[in-house]
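In what follows, a structure is listed as structure tokens, so that the remarks can point back to it.
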Amino acid sequence: MAKSPPSRPTAKSAPGEQSAADEILRRKAQQSDDLAKAMPWNDNKSLEHGFSQGTAPAKGVTAQPESPLPTGSTVSEANTSEKTADQAEEGVNAAHGRLDRVRADSGGRHLTTNQGVAVADNQNSLKYGLRGPVLLEDFILREKITHFDHERIPERIVHARGSGAHGYFECYEPLTDLTRAAPFQAAGKVTPVFVRFSTVQGERGSKDTARDVRGFAVKFYTDEGNWDLVGNNMPVFFIQDAMKFPDLVHAVKPEPHHAMPQAASAHDTFWDFVSLMPESTHMLMWVMSDRAIPRSYATMQGFGVHTFRFVNAAGESVFVKFHWSPKAGTHSLVWDEAVKISGADPDYHRRDLWERIEAGAYPEYELGVQVFTEEQADQFSFDVLDATKIVPEELVPIRPVGRMVLDRNPDNFFAETEQVAFCAAHVVPGIDFSNDPLLAGRIHSYVDTQISRLGGPNFHEIPINAPIAPVHNNQRDGMHRQTINRGRVSYEPNSLGGGCPFQAGAAQGFVSVPARIQAEEEQGKVRAKPEKFADHYTQATLFYESQTPVEQAHIAAAFRFELSKVTVPAIRARMVASLRNASEVLAREVADGLGMEEMPAPMPRALAMPAKPEVTQSPALSLMARPGDGTIKARRIALLVAHGVEGAAAERLQATLSAEGAVAEFVAPRVGKVRGADGTDLEATASLENNPGFLFDALALLDGEQGVATLAQDGHTMEFVKDCYRHCKAILAVGAAQTLLDMAGVSTTTPAGEPDAGLVLADDEDGTDAFVAAIARHRHPERETDPPVV
Ligand code: HDE
């Protein structure tokens, strides 16, 4: 009987028999020896010494193997299966690169276990008899439950609450004179990015609208490796040295004995700490300003905070500060609104980001750089290594260099937004660090934290973290390793791998700027700060003085609110004493707000005679300086309706607002159909109950006697109108609907007796244009009083 040929190669048939396999082994040995001979010595060894070599390392030496044989792990790699597939292609590491290789779609597929075994029944555990005990043998149940038991990973120690999106960065013009960093090499060059916005102090499930700093972390997947610009929405920080970071975070997080309050700095330990750390005063001004309660991630700025370096191909370097500016303008909430939103929609910012992108209203930001030399920096009245200082725009203008568009939501929150690992140490050739001591601590901290958060040293292989640029090194093993490295070489120098992977050398590789510290007396190990770091108040004053009166009033109110929650009077007094050094006016207002009869003496300053500042006003520091593109795109507008509304007019208003890019929704006492007086059916997608007024950017009250009468009987309507009015939003009231304003006690003039530009009263549809213009102004703070009259 004829035997069918084996489908797979078999082992040698008899001992001693010369087989094809022996021949391959012989060739592998021969070629390995030839490869080793090609490197009789380490040609680069002599280049490892001396300062000038250190700044221009040579490229590694390599030799080309005669065939893939000598560098392979095994000669059996030609025996392929559906699982193993072929040998690694030369120079390929498939664990990096595009995400589609790991995206999963179950369309048309049956359920399987994690081993790929089809699951016949996903409803019942395996039991001994219908009413009998469940069997330990049920590997399907146990696999499912075990995986579920381990679904959570530790949350981030800070910035636990966040939301992310994919997008791209596009360069305006080549910056080759300044930097060799890949994203800036050509006009129109596009680099993919993943961005994560976050709050700092709250836990993963905490509310979005807490008064807090927002993280603004951008991962650029450049073709020369990943560059992470891990910034915030404020350009300064609380502390100057990484040594104080754990103290700051312990002070602001929920107090350890009872774990309260959640996502709030308004408590004793935070104010105890910062009032003893006067360098935080500048940052406190930002955090007490409306910057800490942004309307949307799409309407806040971002900053790299630290001074970095740009380095060009010739190795020349300049200092650089990074600024992101939202195209939609900088817009914030007001405090009363933020508090209410946190109850009605804790996911307010997450939802907004998601919906903008789903609707095609892509958040867009312009990247600007402030570039200055080391010599210029030496002349500044402040130290550029101090993260509690800005470089005023009046001193060094911001140069726009590109734009970032966020145009794709993640497929899976956990796999992408939760597992993304940003790291201040991730820089690419062309970007380098300054000696900012806060930055130095960050360069260490981020890799370290991912090791426990993401379960080991291979977190860079998680698809969202893997660079697009190829990864080849001799790092091996560790928890959850994905890469299957071909060959036996995992060291350098080597000759058995043809010298590969070889060191890139200065032409391609990352070379640190050999920044020299000139002053002899400053050299030597020391635990101290430069003297200019001791000026704790000049820029706090600059910030406060650069705000509009409304913004100043909000800062005072925020200090009042936060300190009123402090239970220890001495801490309140200490903070007011410190504020006196920044602004007597502000300190007085806060003290009054806290019922302090006597002002405490100003806190003694660490530096009696700070250097004279270059500027005492910087209008760019006001939120009002960036009104945006003047459109009403992505604004949420409530059109309040009830049965008997003038339906056709309501529909026309909705169409006009939608055409302007706004999201105009019919809000009624109940969701569903609303019958207009003229027979038009409207579809209410929101109700007074599930979408209160503070969730909208503007309000339209529509004509129709019967509709207005119905709304007037619903207590929610009054709250709706009052909130929109109190939060200074544009309000349109047409015809009969104007009675709703009267009922809510809304005045048609501002407290100063001027007409209220945010209040559009119309008899018919003529008010639409004025309403659109009023929405474009975002807020109408002229009507604001403290306390509110409505
Ligand atoms: Fe962070 N910071 N940080 N930080 N930080 C983290 O890293 C740290 C600082 C910032 O969306 C952690 O992956 C130290 C300044 C953002 O995933 C941790 C110091 C700025 C994010 C960490 C600072 C930031 C983080 C927690 C003082 C603005 C969220 C989880 C030396 C420039 C990134 C993690 C994301 C996250 C350490 C100060 C921004 C623990 C030690 C200043 C936006 O590594």
Side-chain angles (χ1 to χ4, degrees), residues 52 54-59 96 168-195 217-231 302-324 365-374 376-377 384-385 391 396 398-404 422-436 439-440 442-443 446-447 460 467-473 503-516:
S52 58
T55 59
K59 192 172 166 177
H96 71 270
Y168 61 89
F169 172 77
E170 185 181 359
C171 180
Y172 288 159
E173 51 180 335
L175 297 186
T176 40
D177 54 328
L178 294 173
T179 177
R180 53 171 287 205
F184 305 114
Q185 295 309 288
K189 181 166 182 184
V190 166
T191 302
V193 299
F194 187 79
V195 178
V218 183
K219 190 180 280 295
F220 292 82
Y221 302 94
T222 89
D223 36 43
E224 298 210 4
N226 285 355
W227 170 36
D228 293 353
L229 186 53
V230 197
F303 302 91
V305 176
H306 311 279
T307 300
F308 289 88
R309 286 175 184 276
F310 264 162
V311 191
N312 67 15
E316 296 154 349
S317 102
V318 284
F319 282 142
V320 58
K321 291 231 154 200
F322 296 104
H323 299 246
W324 294 106
Y365 311 80
E366 184 162 76
L367 181 66
V369 293
Q370 281 179 300
V371 172
F372 49 96
T373 63
E374 203 146 353
Q376 274 176 293
V384 298
L385 303 184
V391 178
V396 180
I398 297 179
R399 170 175 169 190
V401 295
R403 68 182 188 123
M404 178 170 76
F422 292 95
C423 177
H426 292 168
V427 289
V428 290
I431 312 278
D432 204 347
F433 312 112
S434 69
N435 289 340
D436 177 338
L439 178 56
R442 297 184 68 206
I443 293 167
Y446 290 68
V447 171
H460 63 281
I468 285 175
V471 173
H472 293 281
N473 58 40
Q503 75 176 33
Q508 255 196 310
F510 181 87
V511 181
S512 294
V513 173
R516 294 165 201 263

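Computed from a predicted structure; not experimentally measured.
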* To do: Could you tell me whether a side-chain N or O of D436 sits under 3.5 Å from a main-chain N or O of H306, the two making a donor and an acceptor?
  => no
* Asked: Should the ring pair F372 and F319 be called parallel, tilted or perpendicular, given that the plane angle runs from 0 to 90° and is split at 30 and 60?
  -> tilted
* Are the side chains of L367 and F184 in touch, meaning some heavy atoms are under 4.5 Å apart? -> yes
* 4.5 Å side-chain heavy-atom contact, L178 and R399 -> yes
* Asked: Distance-only, no hydrogens or angles: does the K59 side chain make a donor-acceptor pair with backbone N or O of Q508 under 3.5 Å?
  -> no
* Asked: How long is the span from the CE atom in M404 to the OH atom in Y168, to the nearest 0.5 Å?
  -> 11.0 Å
* Asked: To the nearest 0.5 Å, how far apart are CD1 in I431 and CZ in F510?
  -> 9.0 Å
* What are the two closest heavy atoms between V371 and V320, and how far apart are they? -> CG2-CG2, 4.3 Å
* Closest approach of C423 and Y446, non-hydrogen atoms and distance? -> CA-CB, 3.5 Å
* **Euclidean distance, K189 NZ relative to T222 OG1, rounded to 0.5 Å** => 7.0 Å
* Close aromatic pair by centroid cut-off 6.0 Å: Y365 and F169 -> no
* For A181, does its backbone N or O pair with a side-chain atom of E224 as donor and acceptor, under 3.5 Å? -> no
* **Close side-chain approach of R442 and V230, heavy atoms under 4.5 Å** => yes
* Which atom of G430 lies closest to which atom of T179, heavy atoms considered -> O-OG1, 2.7 Å
* To do: Locate the shortest heavy-atom distance separating H426 from D228; write the atom from each residue and the value.
  => ND1-OD2, 2.8 Å
* To do: Keeping the roles fixed (side chain from K219, backbone from V195), state whether a donor-acceptor pair exists under 3.5 Å.
  => no
* To do: Measure the shortest side-chain to side-chain distance between V428 and F220 over non-hydrogen atoms and say whether it is less than 4.5 angstrom.
  => no
* Asked: Does the R309 side chain pair with the main chain of A515, one donor and one acceptor, at a distance under 3.5 Å?
  -> no
* Side chain S434, main chain T307, donor-acceptor under 3.5 Å -> yes
* State, to 0.1 Å, how close S317 and V311 come at their nearest heavy-atom pair, and which atoms those are. => CB-CG2, 4.1 Å
* **Backbone of F310 reached by a side-chain donor or acceptor of E316 within 3.5 Å** => no
* If we only count heavy atoms from C-beta on, is the C171 to Q185 side-chain gap below 4.5 Å? -> no
* Do side-chain atoms of N312 reach the backbone of D177 as a donor and acceptor pair under 3.5 angstrom? -> yes
* Asked: Relative to the ring of F308, is the ring of F322 parallel (under 30°), tilted (30 to 60°) or perpendicular (over 60°)?
  -> tilted
* Heavy-atom pair of closest approach, residues A506 and R180 -> O-NH1, 3.4 Å
